[in-house]
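The structure appears below as structure tokens.
Numbers here simply count residues along the sequence, with the first being 1.
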Amino acid sequence: MRLVARSKPDQNRAALDPWTAVHLAAGLAAGLMEISTARALGAALGYEAVEQWFERSEVGQDFFEVSGPEHPSNVAVDVVVFAAGHWLGRQWNRTG
């Protein structure tokens, strides 16, 4: 397992990859839209569960262009980064 993916083949074998930024942005958007924490995190966890299942199938591996499911560290980072983005979005809304 790597900390940072430096190439496409390492994408699901590292804690951080280009999709980490997408999870942050999705969390930020959910926070800015005032989606409740429970619903937002539920959706993020649900997505990760479905993604794990889908990436174990041949169709999912072709769709995402990967050789298998994400490493658990990548899943954990995705959820934590999503939650951080959600928190930032909610904090931003409270400033004005």
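Partners of Pro9 under the side chain to side chain contact (heavy atoms under 4.5 Å, CB included) rule, at least two apart in sequence or in another chain, are Ser7, Arg13. Checked against side chain to side chain contact (heavy atoms under 4.5 Å, CB included), Trp92 has the following partners two or more places apart in sequence or in another chain: Leu32, Thr95. For Glu65, the side chain to side chain contact (heavy atoms under 4.5 Å, CB included) partners are Lys8, not counting sequence neighbours. In this structure, Glu58 has no side-chain hydrogen bond (donor to acceptor under 3.5 Å, both in side chains) partners at least two apart in sequence or on a different chain. Judged as a ring pair (Phe, Tyr, Trp, His ring centres under 6.0 Å), and not counting sequence neighbours, the contacts of Phe63 are Phe54. Partners of Gln52 according to the side-chain hydrogen bond (donor to acceptor under 3.5 Å, both in side chains) rule, which considers only residues two or more places apart in sequence or in another chain, are Arg56. Partners of His86 under the side-chain hydrogen bond (donor to acceptor under 3.5 Å, both in side chains) rule, at least two apart in sequence or in another chain, do not exist in this structure. Residues passing the side chain to side chain contact (heavy atoms under 4.5 Å, CB included) test with Ala5 are Asp10, Ala14, Asp17, sequence neighbours excluded. For Glu51, there are no side-chain hydrogen bond (donor to acceptor under 3.5 Å, both in side chains) partners two or more places apart in sequence or in a different chain.
Distance check: Glu55 CD to Glu48 CD gives 8.5 Å after rounding to the nearest 0.5 Å.
Cluster membership check: Val66 shares its hydrophobic cluster with Tyr47, using side-chain heavy-atom separations under 4.5 Å among Ile, Leu, Val, Met, Phe, Trp and Tyr. If you chain together hydrophobic residues whose side chains sit under 4.5 Å apart, Trp53 and Val75 never meet in one group.
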Would you sort out whether Asp78 and Glu70 count as a side-chain contact (heavy atoms from CB on, under 4.5 Å), showing the intermediate values?
CA-CA 10 Å; Asp78 287 348; Glu70 295 175 317; 3.4 Å; yes
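At least one donor-acceptor pair under 3.5 Å links the side chain of Asn12 to the backbone N or O of Gly68.
Through side-chain heavy atoms spaced under 4.5 Å, either directly or across other Ile, Leu, Val, Met, Phe, Trp or Tyr residues, Leu24 is tied to Leu3, Val4, Leu16, Val77, Val81. The hydrophobic cluster containing Trp19 also includes Val22, under a criterion of side-chain heavy atoms closer than 4.5 Å among ILVMFWY residues, counted directly or through chains of members.
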List the atom pairs, with distances to 0.1 Å, where a side-chain N or O of residues 33-45 and a protein N or O form a donor-acceptor pair under 3.5 Å, not counting sequence neighbours.
{"residue": "Glu34", "atom": "OE1", "partner": "Arg90", "partner atom": "NE", "Å": "2.9"}
{"residue": "Glu34", "atom": "OE2", "partner": "Asn93", "partner atom": "ND2", "Å": "2.7"}
{"residue": "Ser36", "atom": "OG", "partner": "Arg39", "partner atom": "N", "Å": "3.2"}

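In this structure, Ala30 and Phe82 approach most closely via the heavy-atom pair CB-CZ, 4.2 Å.
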